[in-house]
*Asks:* 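I have a structure here, written as structure tokens, and I will follow up with some questions on it.
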Amino acid sequence: MKSLSLRYIIIFATLAVLVLLGGGIWAYSGDNSTSSVISYVSKEAKSSSGTAPAVAPQQTLPDSAPVPAEEALSHRVVEYHIDVQLVPDTETLIASETVTWTHPGVKPVSELYFHMYPNAFASPNTTFMKESGGTLRGDTMPENGFGSMTLTDLRTTEGTSLMQRVQFVQPDDGNVNDKTLLKVHLPQPVNGGESVTLKLQFEVQLPKIFARMGASGNFVMAGQWFPKLSVYEPLGTRGVREEGWDLHQYHGTSEFYSDFGIYNVTIAVPSNYTVAATGFPVKNAKLKQDQKIYQFYADDVHDFAWAASPDFTVAEEAFSTPEVPGVRIKVYLDPLHKDLKERYLQAAKAALTYFSKWYGPYPYSTLSIIVPPKEGNGAGGMEYPTLITAFGATDSSPDTSLERTVIHEIGHQYFYGMVASNEFEEAWLDESFTSYAEDRLMEQEYGIKTNLPLQSSLVTKSEPLNLETWKYAEADSYSRNVYIRGKLVLKDIERQVGTKAMNSIMSTYARKFRFQHPTTSDFQKVVEKVTKKSWQPYFEDYIYGGGAPDFSVDTITIKKNGNSDAQSYESIVKITNKGSHYVDVPIKFTFSDGSATERVWKGEGAETTFQLLSDKLLLSAEIDPEHTILLESKHLNNFRLAEIEPKTLSRWTLSVTKLVETVLGTLVW
């Protein structure tokens with residue numbers, strides 16, 4: 001861990017003395033109205049005239065006690081100390097935040113940028129709402145379910161107010177109604193290697209649960225709930241050629257990208273609530289008047305989330321393997337699933353065991369699984385460091401989608417959690433890789449093999465996998481490319497190199513880029529290093545481009561040779577690829593006696609011709625009969641019947657019928 005500044009040492013020492021003396025009380029008073037601070041910071045920000053109205057003061061929350069950190073696994077760019085209160089019966093969070101940012105580059109920086117994600121739900125006119133149409137992952141925003149974040153104070157450690165130095169920016173679309181990215185102009189520049197600390201106070205009016213966060217009844221999911229610094233990328237990070245901030249708004253299809261750091265978070269909730277959170281509890285929760293107060297700590301993570309409910313049934317179990325030194329698995333169950341704790345635990349153990357074996361040891365001491373109520377399903381199926389959410393408890397006897405969801409989200413502890421790709425710009429490195437791992441484990445542990453040809457048929461429009469998420473043609477195209485086609489690309493690479501080599505590729509990539517921000521180019525280099533050959537043409541076609549093969553049996557021409565006593569046939573079959581280049585294409589030729597032969601087209605050029613000599617009549621030609629080429633989604637032209645004389649056709653009605661049945665079976669995967 002990097003050394004603390006003298007200022008922090010003095011502050012922490014003072015706090016330690018106060019704790020020993022029993023000093024410090026919560027300063028929140030129920031008499032103060034929260035309505036006075038429910039307004040956008042844009043009203044308080046610096047206007048074109050350079051003036052801003054006064055800000056209503058907010059209660060001062062106590063600083064969290066410092067917690068010693070272990071040896072750093074990541075480059076800890078940020079450090080957050082946050083104190084938050086859930087105000088009963090208001091679906092409101094009131095919080096204070098002290099954040100320290102250490103400049104990872106070399107150029108002087110005069111502005112910091114904060115993601116203000118809750119403002120995505122402030123009105124129908126935000127970028128998120130306009131792009132999503134108020135619907136995400138099958139959930140629709142409840143009527144009047146809006147929420148927002150209000151910054152009520154922002155100061156330097158010396159007490160200088162920065163409230164007139166802030167403004168919302170919209171670098172992606174210029175939508176002035178979008179307030180999800182905030183720029184703060186600093187009083188003086190921060191040089192490379194130096195740190196700057198700011199103190200914030202803010203309030204979140206939680207939306208009705210819709211897109212990953214919010215409140216539903218007495219269940220609260222606090223995801224992306226605090227002002228979070230954007231990522232400043234030094235030269236060379238993700239291949240950037242000029243250092244600077246990676247700045248994006250919150251889009252309808254995008255997720256998140258943040259720096260690794262330290263989180264020390266105190267959470268105050270009503271006394272009958274239970275809290276689950278990222279990291280581990282520093283000490284047991286304590287009751288103070290009508291509140292229960294928790295303190296959590298996490299390091300080498302790039303986000304912090306928590307959930308609270310009075311209805312949780314909690315189950316926990318210690319678990320370890322040679323690759324998992326020791327982790328406490330905690331399951332926070334909705335009452336409807338209180339008898340299913342073993343299923344959640346077994347799925348979690350399988351995921352931790354094999355993902356740690358395949359992709360590197362799980363380095364954290366806790367893993368929490370939250371099962372939301374049915375009405376909170378919008379918060380389900382989501383990943384945060386050391387914490388995941390299952391889907392809402394809608395059935396007391398769910399199918400194996402329960403296990404699949406748990407396994408998928410734990411997979412994100414690796415591909416997003418530790419291998420922290422930029423989900424704004426290269427979401428496939430997160431979702432495709434996790435989906436690949438999920439399929440592998442589901443087949444191994446539960447015997448459930450994914451119907452990959454069926455999934456391939458869903459990708460009706462192939463687009464590049466490294467697009468910024470909001471640039472896909474539509475939401476369906478985003479999900480079908482990023483979740484499905486990207487996974488199929490990985491499976492296709494495996495088909496070409498073999499399972500052993502693919503295991504080496506995935507393991508090498510995951511271990512090499514733990515606690516870093518890799519790119520598609522980094523993955524390509526790993527593929528090339530393991531296989532010892534260039535993959536540039538393949539990546540250009542299928543990853544950097546929206547390529548897909550499109551094979552077709554164009555014509556079958558049959559010539560009859562010899563007399564009626566000793567006939568033979570010469571068949572000429574023309575095959576083309578109307579799409580992207582692809583090698584080793586299997587083709588099956590079926591004859592009138594039911595026999596068949598297979599040939600392989602190496603893929604040279606856009607077309608080829610096969611000549612077959614046989615004493616049997618050729619009935620049909622079919623490209624890729626086993627549907628092993630997963631990147632092709634158009635299969636209707638892969639099969640063709642030969643044109644046969646009527647008297648010959650009648651003899652082979654049964655064979656043709658069987659072939660038609662085969663084709664129909666192909667079309668209804």
*Asks:* Only counting residues at least two apart or in another chain, list the ones meeting side chain to side chain donor-acceptor pair (under 3.5 Å) with H248.
*Replies:*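 Per chain and number, H248 pairs via side chain to side chain donor-acceptor pair (under 3.5 Å) with D172, E425.
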*Asks:* Measuring only between side-chain heavy atoms, which start at C-beta, is Y509 closer than 4.5 Å to V419?
*Replies:*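 Of all side-chain heavy-atom pairs linking V419 with Y509, at least one is under 4.5 Å.
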*Asks:* When you check the gap from the basic side-chain N to the acidic O, do R212 and E255 get nearer than 4.0 Å?
*Replies:* yes
*Asks:* To the nearest 0.5 Å, what is the distance between CZ on F280 and NZ on K330?
*Replies:*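 That separation rounds to 10.0 Å.
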*Asks:* Counting only N and O atoms by type, is there a donor-acceptor contact under 3.5 Å from the side chain of T278 to the main-chain atoms of P385?
*Replies:* yes
*Asks:* Between N119 and M149, is there a donor-acceptor pair closer than 3.5 Å when you use the side chain of the first and the backbone of the second?
*Replies:*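 Yes, the answer is positive, given that a donor and an acceptor are paired below the 3.5 Å cut-off.
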*Asks:* Would you call the rings of H337 and Y344 parallel, tilted or perpendicular, where under 30° means parallel and over 60° means perpendicular?
*Replies:*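 It falls in the tilted class, 30° to 60°.
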*Asks:* State, to 0.1 Å, how close S309 and D311 come at their nearest heavy-atom pair, and which atoms those are.
*Replies:*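 Heavy-atom minimum between the residues: OG-N, 3.0 Å.
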*Asks:* So which pairs with a foot in residues 349-363 pass side chain to side chain donor-acceptor pair (under 3.5 Å), sequence neighbours left out?
*Replies:* E317-K349, S356-Y414
*Asks:* Nearest 0.5 Å please: distance from the OG atom of S258 over to the NE2 atom of H115.
*Replies:*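 With rounding to 0.5 Å, OG (S258) is 6.0 Å from NE2 (H115).
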*Asks:* Are Y80 and F226 close enough that their ring centres sit under 6.0 Å apart?
*Replies:* yes
*Asks:* Quick check: F121 with F128 (ring centres under 6.0 Å apart)?
*Replies:*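 Ring-ring flag for F128/F121: true, centres closer than 6.0 Å.
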*Asks:* For the atom pair CE (M129) and CZ (F210), what is the distance rounded to the nearest 0.5 Å?
*Replies:* 5.5 Å
*Asks:* What I'd like to find out is whether the side chain of L352 reaches to under 4.5 Å of the side chain of L367, using heavy atoms alone.
*Replies:*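 When only atoms from C-beta onward are counted, L367 and L352 do touch, with a gap below 4.5 Å.
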*Asks:* Do the side chains of F312 and I370 get nearer than 4.5 Å, heavy atoms only?
*Replies:* yes
*Asks:* Who are the side chain to side chain donor-acceptor pair (under 3.5 Å) partners of E131, not counting sequence neighbours?
*Replies:*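 Partners of E131 under the side chain to side chain donor-acceptor pair (under 3.5 Å) test: H251.
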*Asks:* With side chains defined as the heavy atoms from C-beta onward, is the minimum distance between Q413 and I388 less than 4.5 Å?
*Replies:*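 Answer yes - side chains close enough.
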*Asks:* Using salt bridge (charged side-chain N to carboxylate O under 4.0 Å, His left out) as the criterion, list what pairs up with K374, not counting sequence neighbours.
*Replies:* none
*Asks:* Quick one: does any side-chain atom of T321 pair with a main-chain N or O of V324 as donor and acceptor, under 3.5 Å?
*Replies:* yes
*Asks:* Strictly distance-based, threshold 3.5 Å: is any side-chain N or O of S148 a donor or acceptor partner for the main-chain N or O of Q205?
*Replies:* no
*Asks:* Check the pair K208, E91 against salt bridge (Lys or Arg N to Asp or Glu O under 4.0 Å), reporting the backbone distance first and the verdict last.
*Replies:* CA-CA 9 Å; K208 300 293 183 184; E91 299 179 345; 3.4 Å; yes
*Asks:* Minimum heavy-atom separation for A211 to L136, with atom names?
*Replies:* CB-CD2, 3.5 Å
*Asks:* With heavy-atom distances below 4.5 Å as the criterion, would you say the side chains of L73 and P363 are in contact?
*Replies:* yes
*Asks:* For T126 and S123, run side-chain contact (heavy atoms from CB on, under 4.5 Å): C-alpha distance rounded to whole Å, both residues' side-chain angles, the deciding distance at 0.1 Å, then the answer.
*Replies:* CA-CA 6 Å; T126 69; S123 80; 3.9 Å; yes
*Asks:* Please give me the minimum heavy-atom distance between A390 and V371, naming the atom from each residue.
*Replies:* CB-CG2, 4.3 Å
*Asks:* Search all heavy atoms of D300 against all heavy atoms of S74 and return the closest pair with its distance.
*Replies:* OD1-OG, 2.7 Å
*Asks:* So, the side chain of R480 versus the backbone of L458: is there a donor-acceptor pair under 3.5 Å, distance only?
*Replies:* yes
*Asks:* Is it true that, when you exclude D399 itself, more than 12 heavy atoms of the residues, nucleotides or ligands shown sit nearer than 6.0 Å to its CG?
*Replies:*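 More than 12 within 6.0 Å, yes.
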*Asks:* With under 30° as parallel and over 60° as perpendicular, where do the rings of H408 and H412 fit, or are they tilted in between?
*Replies:*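 Geometry flag for H412 against H408: perpendicular rings.
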*Asks:* Do we see a donor-acceptor contact under 3.5 Å between the side chains of D178 and T180?
*Replies:* yes
*Asks:* I'd like to check the side chain to side chain donor-acceptor pair (under 3.5 Å) partners of E468; sequence neighbours left out, ordered by chain and number.
*Replies:* K471
*Asks:* Which value, rounded to the nearest 0.5 Å, describes the distance between T520 atom OG1 and E426 atom CD?
*Replies:* 3.5 Å
*Asks:* Do F146 and P124 make a side-chain contact, defined as non-hydrogen atoms from C-beta onward lying under 4.5 Å apart?
*Replies:*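 Answer yes - side chains close enough.
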*Asks:* Checking T508 side chain against S504 main chain: does a donor-acceptor pair fall under 3.5 Å?
*Replies:* yes
*Asks:* With side chain to side chain donor-acceptor pair (under 3.5 Å) as the criterion, how do N503 and S507 come out once you've worked through the C-alpha distance, each side chain's angles and the decisive distance to 0.1 Å?
*Replies:* CA-CA 6 Å; N503 290 347; S507 177; over 6 Å; no
*Asks:* Could you check whether the rings of Y117 and Y250 sit parallel, tilted or perpendicular, using 30° and 60° as the cut-offs?
*Replies:* perpendicular
*Asks:* Using atom types as modelled and distance alone, determine if a side-chain donor or acceptor of N481 lies under 3.5 Å from a backbone N or O of E463.
*Replies:* yes
*Asks:* May I ask you to decide if A420's main-chain N or O and H302's side chain share a donor-acceptor pair within less than 3.5 Å?
*Replies:* no
*Asks:* Is it the case that atom NZ in K461 sees more than 12 heavy atoms from other parts of the structure closer than 6.0 Å?
*Replies:*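 Atom NZ in K461 is not crowded, with 12 or fewer foreign heavy atoms closer than 6.0 Å.
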*Asks:* How long is the straight-line distance from CG of L336 back to OG of S396, given to the nearest 0.5 Å?
*Replies:* 5.5 Å
*Asks:* Is it the case that T150 and E203 place a side-chain donor and acceptor less than 3.5 Å from each other?
*Replies:* no
*Asks:* Just by modelled atom types, is the Y478 backbone N or O under 3.5 Å from a matching donor or acceptor in the Y483 side chain?
*Replies:*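 Checked: no pair found.
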*Asks:* Please confirm whether Y257 and H517 have ring centers closer than 6.0 angstrom.
*Replies:*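 Centroid distance Y257-H517: below 6.0 Å, so yes.
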*Asks:* Do the side-chain N and O atoms of D439 and T450 include a donor-acceptor pair separated by under 3.5 angstrom?
*Replies:*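 Side chains of D439 and T450: pair found under 3.5 Å.
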*Asks:* Does K228, at its NZ atom, have more than 12 non-hydrogen atoms belonging to other residues, nucleotides or ligands within less than 6.0 Å?
*Replies:*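 Above 12, so yes.
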*Asks:* Report the distance from atom OG of S230 to atom CG of L181, rounding to the nearest 0.5 Å.
*Replies:* 5.0 Å
*Asks:* Can you name the closest pair of heavy atoms from G486 and L465 and give their distance?
*Replies:* CA-CD1, 3.8 Å
*Asks:* Can a donor-acceptor pair be found between the side chains of E409 and T389 at a distance below 3.5 Å?
*Replies:* no
*Asks:* Sequence neighbours excluded, which residues qualify as side chain to side chain donor-acceptor pair (under 3.5 Å) partners of T499?
*Replies:*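 By the side chain to side chain donor-acceptor pair (under 3.5 Å) rule, T499 matches E494.
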*Asks:* Taking the side chain as C-beta and beyond, is there a heavy-atom pair between T400 and I448 under 4.5 Å?
*Replies:* yes
*Asks:* Between F523 and W428, how do the two ring planes meet: parallel, tilted or perpendicular, split at 30° and 60°?
*Replies:* perpendicular
*Asks:* Which atom names give the shortest non-hydrogen contact between P398 and L340, and what distance separates them?
*Replies:* CD-CD1, 3.6 Å
*Asks:* Donor-acceptor pair, distance only, cut-off 3.5 Å: does the side chain of S320 make one with the backbone of G326?
*Replies:* no
*Asks:* Within the structure provided, determine whether E632 and H627 are in side-chain contact (heavy-atom separation under 4.5 Å).
*Replies:* no
